[in-house]
Amino acid sequence: MHKSACHGYGTLRPIVQQLVLVLSITIEDRTHTMMMQLRHGQQTIPCRRGAPSFTAAGAAAARPVLVLGAAARSRPRKPQPASVCLGQGASGKSPASASPARAVTDTALGASAAAAVQVGGKLLLQNFAGADNTQLRLSIQLVSATVAGSDGRGVKADAAVLDAVVGSGEAELDVSLAWDETLGAPGAVVVKNHSDFPVYLKLLSVPAGFGADKAAVHFACNGWVYPVDKHPYRLFFTNDACVKEETPSALLKYREDELSLLRGEGESADRAFQPWDRVYDYALYNDLGNPDLRKDLARPVMGGSQEYPYPRRLKTGRPAAKTDPRTETRAPLDEDIYVPCDERVGYGSVPAPTLPPRGGHFGSLADVYKLYGLDDLGRLPDAKAIINSNAPFPIAPRVISVNPTNWRKDEEFARQMIAGANPVCIKRVTKFPLASELDRSVYGDQDSKINRDHVERNMCGMTVQQAMDEGRLYVVDHHDWVMPYLKRINELPGEEEKAEISQRKVYAARTLLFLNHDDSTLKPLAIELSSPHPENEKLGAVSAVYTPPDTEDITAGSFSAWEVAKAHAAANDTVENNFVTHWLNTHAFMEPIVIAANRQMSVLHPIHRLLKPHFRKTLHINAVARQIVVGSGDLRKNGSIFRGIHEFTYFPSKYNMEMSSKAYKAWNFTELALPNDLIKRGVARGDPKKPEELELLIKDYPYAVDGLEMWAAIKKWVTDYCAIYYADDGAVARDSELQAWWREVRDVGHGDLSGAPWWLAMDTLADLVEACTTVVWLGSAYHAAISFGQYDYQGFVPNGPSLTTSPVPEAGKEVTESEFLGSITPVTEALGFMSISSGPMALASSGEVYLGQRPDTEQWTSEQSAAAALAEFRGRLKQVAENIERRNADPELKNRTGPVEAPYTLFKPTAQPGPVIRGIPNSITV
């Protein structure tokens, strides 16, 4: 009998609340302290207060009407005294707290001294100073897009000086800007901050416009302006989009200047970056270990070698470790990791969470149910309630939210392979017996020991060959990925980490499944669990094959060996879901895409404009993850050791990222396009360029059916958008910034695979559309589908354990409920895992921006056809959501809800009302 560690649940709720808060990055505001430190020269990072909300169309929520008096005034969200005086045109007498209006010629910027007219505008900004009545002082200078000075750069108008007393949060200011009409139309604006704190500018709009047509001009800033000793100035372009070759000549050097700054040209190679820096550069994953703290906390460098290939991460400039110069020192747990300042909107440092001391396992299913406020049978005490706010986890995972016992059914176990947290690993079987691709000279015979006698008795009279011929035999095979690490994993914990890491007992799993043609449901035929030979790995695998019992009884208090085998197979799937299909295919893949885009494509570039919403907050969430989630460990201020959450909660522990690196060796960007992926896995056939015509062999495959509709909608939007700016293949090939971006993605960001033959040439419009569609897909819909289901299916650890700790009994044996729970994730590890996976529940309170929305304002583009294409995309997304609702309501489609009666909604694009947040964020933010 295993010791239960589940007493005293009332004391768990505050701990769990802190974990959810920390790991979803919706943290308490620290901005007042941060700003005070900044004023005294300490390095800090701004974090959010009063972030704006957005409508479904992407527009900022309505703000109070501005009051205009003797001088323009700010009306922040919280009513408070505020006054503004903007030089060059404030009429009448200014309020006592505002500086006198005046015109300023900024000769340092090459300003024009010509006579100016006054143009009214509105400046939308956010102040994170953390205090009301803060003195803000900016100078604003419009730049000509058509008239260049002697240096070839657009001539600047006189600077208008803004003195304002503003409160914390968002404010919209009426401004009056100087402009010389002989300079044509402005194409950029220069802003200097003469305050002692940074301010975040969102949008500068001039509704009255310029020139004869008086067309409105919008500068979508979305960037920090630090004081002039940190940022001598910031330059923001209008919301026009053009390739470099079509840039107005007066703006071309400004465009080049900005990219040079973002690349860090002229910077010292070994300089540690500061919070106000804007440099995007690359580094290896050499910050996962902490050899200076303890030898066993050292980790291999990921990337830059044949042994451990990996995508690149963002460079921070931190110094090398003392004991290993190849390893970068880790930022202290209470300090921020560098990301370029514009990537850190609304975030401060994220403290390392504190888990309760390691204890035992759950003693009963009732102990697990109590975590969600359910009774001993998994039911809510109040049948009408949606959540139990007094529970440590007030929202039950979907897998037990309606029917709390049917997760044990074989049909549900199989259904989750096409509609669960990891529905992307199932493959059609075309050869039998199943064969391993591991090197026999190293690992011996690793081929499957599942034979016809094991499976044909449950195949409705069919033979294995007949089932393969008819496309009815499938497998989820994690064997070759897990086996090379099994010996080391099962030797954990090491001597120094016995108080930190639980004992592991893990197998490499293969699960064989049979497709019922009548209703498109799957049933498991056999599970093979394999271990390395105890004497020598070269002697091959030692395998046991488990098959379903003749009768299924999920009401008994005991569990069969078959059910224990299912838990071990599910643990394999949980781990691959997190470190391959989730972290590698989205977080790690996207980081160099973001870095290269900022280094090589101007914000004026149409493809930068297309992809930017799908980069939002990704660099920051990845940096935080390396600090407290995927890293090895750090020292707390109290002297205790903090272990990375993933090393603590998933069975590979210190080998998590090594195993992710091994998966990267076989990684293929083009195969991550959904149609290509389905065809490669043998679950679909047809032309991948026509996703709407693909034939699915598993007709009721919720991930594939909904996903193909979503893929088609995204691809149509990308196709329509790209056609506006690229008339033919030649336009793509001639686009120097686009070519530089893709070349850097291939040769630097994913440089360990640069020689792979599958890279798109990026010399045709079709290549551009395919690449951008895949990037948008992976950063939005795919990430939601393989990440947001983790809490729903794995958050109830008996259904999807993250680690296993005991051997599987012999086939045909039974174990008690306590013994079953004693073989899977212990209590403390379960709390850590559940807290990580419940992060998406906090998205609604974090100002999340969903697919089809824009994170800035409706003024994201001046191109009406682009705005119209986006509106059409929103309409298609609405149709996708309606189709998903219709399919979920169809009783003939059994895989849509399954025995647990939980509808598949992971591809519903927008957030739904209620306590559980659904929807597809634009980007990877959790």
About how many Å separate CG of L377 and CG of L365, when rounded to the nearest 0.5 Å?
10.0 Å
Residues in salt bridge (Lys or Arg N to Asp or Glu O under 4.0 Å) contact with E817, at least two apart in sequence or another chain
none
Donor-acceptor contact present, side-chain S558 to main-chain T816, <3.5 Å:
no
Shortest non-hydrogen contact from Y793 to N799?
O-ND2, 2.6 Å
State whether the side chain of R488 and the backbone N or O of P484 hold a donor-acceptor pair below 3.5 Å, judged by distance alone.
yes
Is the number of heavy atoms from other residues, nucleotides or ligands within 6.0 Å of NZ (K523) greater than 12?
yes
Determine, for R415 against E412, whether the closest basic-nitrogen to carboxylate-oxygen distance falls under 4.0 angstrom.
yes
Could you tell me whether E491 atom CD has more than 12 heavy atoms of other residues or ligands within 6.0 Å of it?
yes
Between the NE2 atom in H478 and the SG atom in C425, the distance rounded to the nearest 0.5 Å is 5.0 Å
Given the rule in the side-chain contact (heavy atoms from CB on, under 4.5 Å) test, do S823 and V564 qualify, once you have shown the distances and angles that lead to the verdict?
CA-CA 8 Å; S823 69; V564 180; 4.2 Å; yes
Side chain to side chain donor-acceptor pair (under 3.5 Å) filter on Y703, not counting sequence neighbours, yields none
salt_bridge(K662, D480) N-O dist < 4.0 Å:
no
To the nearest 0.5 Å, how far apart are CG in L486 and OG in S531?
6.0 Å
Can a salt bridge be assigned to the pair D677 and R681 using a cut-off of 4.0 Å between side-chain N and carboxylate O?
yes
Do N458 and F514 pass the side-chain contact (heavy atoms from CB on, under 4.5 Å) test, and can you show the C-alpha distance, the side-chain angles, and the key distance before you say yes or no?
CA-CA 9 Å; N458 285 322; F514 181 72; over 6 Å; no
Atom NZ of K409 with >12 non-hydrogen neighbours under 6.0 angstrom:
no
L513 CG to R428 CZ distance, which is reported to the nearest 0.5 Å:
14.5 Å
Examine distances only and state if a side-chain atom of N572 and a backbone atom of A509 form a donor-acceptor pair shorter than 3.5 Å.
yes
Smallest heavy-atom separation, H568 atom then K505 atom, equals CE1-O, 3.4 Å
Drop me the distance from K699's NZ to D519's CG, to the nearest 0.5 angstrom.
14.0 Å
Treating N406 as the side-chain partner and P899 as the backbone partner, does any N or O pair qualify as donor plus acceptor under 3.5 Å?
yes
Check whether any side-chain heavy atom of F788 sits under 4.5 Å from a side-chain heavy atom of I920, and report yes or no.
no
Looking at E411 and K894, is any side-chain nitrogen of the basic one under 4.0 Å from a carboxylate oxygen of the acidic one?
no
Do V545 and I450 have side chains that get closer than 4.5 Å, going by heavy atoms?
yes
Ignoring hydrogens and geometry beyond distance, is a side-chain donor-acceptor pair present between S543 and R510 at under 3.5 Å?
no
Hits for side-chain contact (heavy atoms from CB on, under 4.5 Å) against R636, two or more places apart or cross-chain, chain-then-number order -> L333, A352, T354, N638, S640, F642
Going by atom types alone, do N577 and Q790 pair a side-chain donor with an acceptor below 3.5 Å?
yes
For N516 and C460 the tightest heavy-atom approach is OD1-SG, 4.5 Å
Donor-acceptor contact present, side-chain R504 to main-chain F651, <3.5 Å
yes
W562 versus D410, side-chain donor and acceptor atoms under 3.5 Å
yes
On a heavy-atom basis, the closest approach of D792 and P397 is O-CB, 3.5 Å
So if I apply the side-chain contact (heavy atoms from CB on, under 4.5 Å) rule between H361 and each of D367, T828, T825, T805, which one comes out positive?
T805
Going by ring pair (Phe, Tyr, Trp, His ring centres under 6.0 Å), name the residues that satisfy it together with H646, two or more places apart in sequence or in a different chain.
F579, Y650
S802 (side chain) donor-acceptor with T649 (main chain) under 3.5 angstrom:
yes
Examine distances only and state if a side-chain atom of D706 and a backbone atom of L906 form a donor-acceptor pair shorter than 3.5 Å.
no
Measure across L522 and A414 and return the closest heavy-atom pair with its distance rounded to 0.1 Å.
O-CB, 3.5 Å
I need the minimum non-hydrogen distance between G822 and S806, along with the two atoms involved.
O-OG, 3.4 Å
Given 3.5 Å as the limit, does a donor-acceptor pair link the side chain of N895 with the main chain of A419, or not?
no
Whether S401 side chain and R398 backbone form a donor-acceptor pair below 3.5 Å:
yes
Looking at CD1 of I527 and OH of Y507, how far apart are the two atoms once the value is rounded to the nearest 0.5 Å?
13.0 Å
Could you check whether Q794 and S837, counting side-chain N and O atoms only, form a donor-acceptor pair closer than 3.5 Å?
no
Taking I400's backbone N and O only, do any of them form a donor-acceptor pair with Y369's side chain (distance below 3.5 Å, no angle check)?
no
Across all chains, not counting sequence neighbours, the ring pair (Phe, Tyr, Trp, His ring centres under 6.0 Å) partners of Y904 are none
Could you pull out all residues at least two apart from S448 that satisfy side chain to side chain donor-acceptor pair (under 3.5 Å)?
E528
Using 30° and 60° as the class boundaries, would you call the ring planes of Y372 and F796 parallel, tilted or perpendicular?
tilted
